[in-house]
Structure formats: structure tokens, C-alpha cells
Enquirer: 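I am attaching a structure below and will ask some questions about it afterwards.
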Amino acid sequence: MAKNWCIGIIGGSGLYDIEGIEDEQWLALETPWGDPSDEILFGRIDDVQVRFLPRHGRGHPISPSGLNSRANIDALKRAGCTDILAISAVGSLREEIEPGRFAIAEQFIDNTRGRASSFFTSGCVAHVSMADPVCPRLSEMAAKAVTAAKGKVATGATYLAMEGPQFSTRAESHMYRAWGADIIGMTAMPEAKLAREAELPYALIGMATDYDCWHEEEEAVDVAAVLKQMKANGALARKAVLNFIKALPKTRKASPIDTCLDESIITAPNERDPALLAKLDAVAGRVLKSK
Ligand SMILES: CSC[C@H]1O[C@H](OP(=O)(O)O)[C@H](O)[C@@H]1O
Ligand SMILES: Nc1ncnc2[nH]cnc12
């Protein structure tokens, strides 16, 4: 019997494909929230269904501020995903997370602005908990997969999501360090929030590509440095993804995140906007149908 996992992989800067995928087919999905970043690669690795989405599109045409994360998460849910593993290039805000090391996110600080960050707008309001924004089970498996690929890993990282696309000023970089952030990027928010709203357990592997600009002995980050590091460690990232999929247990046990909307929707049934409910068919169909 095939494993009952369907893993959505979101590939970040420098990771526009994955290896080891069979029966592959790029398919364009429509969503009520607009277009996802690209077609989704459907396929399988052994007996696990896999869906891969390059976050910025193939060839990287979409800026972090221009990402339609609602469409991306809706499309992955629609594609049958049970869980999401996101990969991101990140700047390091800590000496001990040197470029080349992988950092598994445990917390996020959302310092983005003006992004559409919820599926549940007026007409169907929901408040999901983001106290523990990642799935511990996926994060633990992700850390093991990096180690098995012979990558260096740091766990428990706090990811600061900045707006961009410009990199931080030195003052900002020092401030984020003082806030307790360990790694910095421009994309995991609102992606992780939306995954939670869609009842999709989410984990993020950050690949440290630079020391941002706080470090006195290192050059300030630029795109060339990020891409150089991604190139150096891209094969390792791909290997880690493959290890992650291959090491999944045979049976996916239920996660509390699978049903987190049960206690989150506050709008009374007779006050719900039918047009919005129709848009929520993939994200919240499970709970809306049962009410
Ligand atoms: C190319 S450097 C900045 C760029 O890289 C990261 O993207 P992703 O998280 O998709 O790997 C960062 O968030 C910026 O979007
Ligand atoms: N220093 C940095 N700041 C924001 N996003 C990044 N992605 C990779 N390095 C980064």
C-alpha cells in the first residue's frame, strides 16, 4: 500500500527543481486567489506522492513582495498535499550559523507589510493559533534528513521575515539580532500562516547563505554571495529533500494541525459570505461542509 503522505515542497531561491521524482508532470492549477508562482510538479518518490512548487517561479520572475502566497498554499492543498516542507535561502544573524549551515525554523517574527496574509477575511473570520507555527514532527524529520545528507544543521531557529526586496540596513540587522532572531529572509511569512489556516503542517529548512550585514569581519550580503552559496550547497539541499521523503514513516498519523480550523472560525453560519465560502472550498472545505 502506498504511504498516505503527500508532501508539498516549496523551493526557494536557487532551488527550482528537485531530484529523484518519478511520473513527473508539471500541471497548471487555478485557484480562487489568483495564480500560483508557477505550475506544480506532480510526481512521486518511491511510494510517496510529491508536489513541488518553485516559490519564485522557474527563472525567478517573482519578487518576495509579489508572491501570491494564498494562491501557492491553496494550490498545494488542492493538489492533495498533507504537509509542506519549505526550503529558503536565509541570512544568518548568529555567528554559529555560518554560511553553508542549514537552520530549521521553530519560530517566526513577521515584519512584512501589506501582504495578503489570511484566507479568512470579512465574511468568514477565523483566528488560528500561531503559538507554535511549525510542525515539530516535520521539523525533526527535516533536521535528520539534513544530517543524513552530511549537512551541518542548527535547530530551533527564529526566522525574521522582512519585507524586502532590498536587504536590511546595518541598524535593522542589529535590531533583529536584539529581538532574538537567528535567521532572516523575505518569504516565510505569510506562507507559514497560510499553511496553518489551510490545516497543512509546515516546516522550513533555511540554508544560511550569508551573514546579512551585522558581522564586522564579513562583507555585507549581495545576490552574488547568496547564489554562490546556493550553488555550493544546492546538491546537499536536494539530497536532504530526498532523504526526508524516503525516511517518512509508512503511515502518516493524524496531526492536531489537520483539524485546527474546528475551533477557529468565529463568524456565525448565517453571517457567512457565500462568495467567500466558495473561495474557501479547498482550504476549509473539510470544516465548512461539516458545519
Ligand atoms: C536571492 S537572495 C533574497 C531572496 O532569497 C530568499 O528567498 P527564498 O526564501 O524564496 O529562498 C529571500 O527570502 C529573498 O526572497
Ligand atoms: N541576508 C538576507 N536577508 C534577507 N533575505 C535573505 N536571503 C538570503 N540572505 C538573506
Side-chain angles (χ1 to χ4, degrees), residues 8-18 36-38 52-69 71-73 76 84-95 97-105 108-113 115 134 142 154 157-177 179 181-195 202-215 218-234 236-238 240-241:
I9 308 285
I10 302 181
S13 297
L15 199 76
Y16 310 108
D17 56 45
I18 51 172
S37 297
D38 202 333
F52 174 76
L53 176 65
R55 184 185 282 118
H56 302 272
R58 282 165 287 180
H60 208 119
I62 308 175
S63 85
S65 311
L67 289 173
N68 186 342
S69 296
N72 289 348
I73 296 295
L76 290 171
I84 293 185
L85 178 66
I87 320 289
S88 274
V90 295
S92 169
L93 299 172
R94 299 287 156 203
E95 184 77 51
I97 306 180
E98 73 279 14
R101 187 174 286 272
F102 291 79
I104 312 295
F108 298 97
I109 300 173
D110 188 355
N111 208 40
T112 64
R113 290 180 199 94
R115 300 183 182 186
V134 298
T158 295
Y159 175 120
L160 186 294
M162 59 174 293
E163 186 52 41
Q166 304 86 355
F167 291 114
S168 311
T169 64
R170 287 190 209 280
E172 287 164 340
S173 197
H174 286 296
M175 180 180 73
Y176 299 145
R177 278 166 49 78
W179 286 359
D182 303 307
I183 53 178
I184 182 164
M186 304 176 189
T187 61
M189 283 285 156
E191 189 174 271
K193 288 177 173 169
L194 293 162
Y202 177 96
L204 182 135
I205 303 179
M207 198 184 108
T209 50
D210 54 86
Y211 274 119
D212 199 42
C213 61
W214 61 273
H215 200 299
E218 302 286 336
E219 293 287 314
V221 56
D222 61 19
V223 168
V226 172
L227 292 180
K228 189 168 164 216
Q229 189 59 55
M230 276 306 299
K231 214 166 166 197
N233 273 34
L236 226 159
R238 285 182 180 80
V241 170

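Each ligand, and each atom within it, is numbered from 1 in the order the structure gives.
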Enquirer: Just to be sure I read this right, does ligand 1 sit under 4.0 Å from the backbone of Ser13, its side chain, both, or neither, counting only heavy atoms?
Expert: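 For Ser13, backbone and side-chain atoms both sit under 4.0 Å from ligand 1.
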Enquirer: At less than 4.0 angstrom from any non-hydrogen atom of Gly185, what atoms of ligand 1 do you find?
Expert: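 Matching atoms, with element in brackets: 13 (O).
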Enquirer: Could you list the atoms of ligand 1 found under 4.0 angstrom from a heavy atom of Val226?
Expert: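 Contacts of ligand 1 toward Val226, numbered from 1: 1 (C), 2 (S).
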Enquirer: For the residue pair His60 and His56, categorise the inter-ring angle as parallel (less than 30°), tilted (30 to 60°) or perpendicular (more than 60°).
Expert: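 If you compare the ring of His60 with that of His56, the planes turn out parallel.
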Enquirer: Val226 to ligand 2: N or O pair under 3.5 Å?
Expert: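 So ligand 2 has no N or O lying under 3.5 Å from an N or O of Val226.
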Enquirer: Does this structure show an ion pair linking Asp182 with Arg177, if we count only N-O contacts that are shorter than 4.0 Å?
Expert: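 No.
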Enquirer: Looking only at protein heavy atoms, which one is nearest to atom 6 (C) of ligand 2, and how far off is it?
Expert: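 Here the nearest protein heavy atom works out to Ile184 O, 3.7 Å.
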Enquirer: Donor-acceptor pair, distance only, cut-off 3.5 Å: does the side chain of Asn72 make one with the backbone of Ser37?
Expert: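 Side chain of Asn72 to backbone of Ser37, a donor-acceptor pair under 3.5 Å: yes, one is there.
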Enquirer: Would you say the side-chain atoms of Asp222 pair up with the backbone N or O of Ala225, donor to acceptor, closer than 3.5 Å?
Expert: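 Confirmed, Asp222 side chain pairs with Ala225 backbone.
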Enquirer: Run the salt bridge (Lys or Arg N to Asp or Glu O under 4.0 Å) check on Asp212 and Arg170 step by step: do they pass?
Expert: CA-CA 8 Å; Asp212 199 42; Arg170 287 190 209 280; over 6 Å; no
Enquirer: With a 4.5 Å limit on heavy-atom distance, are the side chains of Ile9 and Leu53 in contact?
Expert: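 Sidechains of Leu53 and Ile9: no contact.
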Enquirer: Quick check on Val223 - does any of its heavy atoms sit under 4.0 Å from an atom of ligand 1?
Expert: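 Distance cut 4.0 Å: Val223 fails for ligand 1.
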Enquirer: Do Met207 and Arg101 come within less than 4.5 Å of each other through their side chains, counting heavy atoms only?
Expert: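 A side-chain contact under 4.5 Å is absent here.
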Enquirer: Any atoms of ligand 2 less than 4.0 Å from a non-hydrogen atom of Gly185? List them with their elements.
Expert: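 Selected atoms, number and element: 4 (C), 5 (N).
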Enquirer: Check whether any N or O atom of Tyr159, backbone or side chain, sits under 3.5 Å from an N or O atom of ligand 1, and answer yes or no.
Expert: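 So ligand 1 has no N or O lying under 3.5 Å from an N or O of Tyr159.
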Enquirer: Can you list the atoms of ligand 1 that are under 4.0 Å from a heavy atom of Thr187?
Expert: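 The list of qualifying atoms is 7 (O), 8 (P), 9 (O), 10 (O), 13 (O), 15 (O).
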Enquirer: For Met186, which part has a heavy atom under 4.0 Å from ligand 1: side chain, backbone, both, or neither?
Expert: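 For Met186, the contact with ligand 1 is made by both the backbone and the side chain.
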Enquirer: Using modelled atom types and a 3.5 Å cut-off, is there a donor and acceptor pairing between side-chain atoms of Tyr16 and backbone atoms of Gly14?
Expert: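 Yes.
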Enquirer: Considering non-hydrogen atoms of the protein only, which is the closest contact for atom 9 (N) of ligand 2, and what is the distance?
Expert: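 Checking every protein heavy atom, the shortest distance to atom 9 (N) of ligand 2 gives Asp210 OD2, 2.7 Å.
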Enquirer: Which atoms from ligand 2 have a heavy atom of Gly91 less than 4.0 Å away?
Expert: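 Listed by number with element: 1 (N), 2 (C), 6 (C), 8 (C), 9 (N), 10 (C).
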Enquirer: When you measure from atom 3 (C) of ligand 1 to every protein heavy atom, which one gives the shortest distance, and what is it?
Expert: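 Result for atom 3 (C) of ligand 1: Phe167 CE2, 4.1 Å.
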Enquirer: Looking at atom 8 (C) of ligand 2, what's its closest protein heavy atom, distance included?
Expert: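 Scanning the protein heavy atoms, the shortest distance from atom 8 (C) of ligand 2 goes to Thr209 OG1, 3.4 Å.
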Enquirer: Can you tell me if Ser92 and Glu98 form a side-chain donor-acceptor pair at under 3.5 Å?
Expert: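 Their side chains do not contain a donor-acceptor pair, so the 3.5 Å distance test is not met.
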Enquirer: Which atoms from ligand 1 have a heavy atom of His56 less than 4.0 Å away?
Expert: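 Atoms satisfying the 4.0 Å criterion: 7 (O), 8 (P), 10 (O), 15 (O).
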Enquirer: Considering the heavy atoms of Asp212, write down every atom of ligand 2 situated less than 4.0 Å from one of them.
Expert: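 Checking each atom against Asp212, I get 1 (N), 2 (C), 3 (N).
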Enquirer: Would you say the side chains of Ser69 and Arg55 form a donor-acceptor pair under 3.5 Å?
Expert: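 Absent: no donor and acceptor within the cut-off.
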Enquirer: Under 3.5 Å, is there a donor-acceptor pair between the side chain of Arg115 and the main chain of Met189?
Expert: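 Checking the backbone N and O of Met189 against the side chain of Arg115, a donor-acceptor pair under 3.5 Å is found.
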Enquirer: Which ligand 1 atoms are under 4.0 Å away from a heavy-atom of Arg55?
Expert: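 Checking each atom against Arg55, I get 8 (P), 9 (O), 10 (O), 11 (O).
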Enquirer: Does the side chain of Thr158 reach to within under 4.5 Å of the side chain of Ile109, using non-hydrogen atoms?
Expert: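 They are in side-chain contact.
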Enquirer: Please list, in number order, the atoms of ligand 2 under 4.0 Å from a heavy atom of Ala89.
Expert: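 Counting atoms of ligand 2 from 1, those under 4.0 Å from Ala89 are 7 (N), 8 (C).
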Enquirer: Does ligand 1 come near enough to Ala89 that some N or O of the ligand is less than 3.5 Å from an N or O of the residue?
Expert: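 Yes, Ala89 has an N/O under 3.5 Å of an N/O on ligand 1.
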Enquirer: Which of the atoms of ligand 1 are close to Pro64, meaning less than 4.0 Å from one of its heavy atoms?
Expert: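 What qualifies from ligand 1 is 15 (O).
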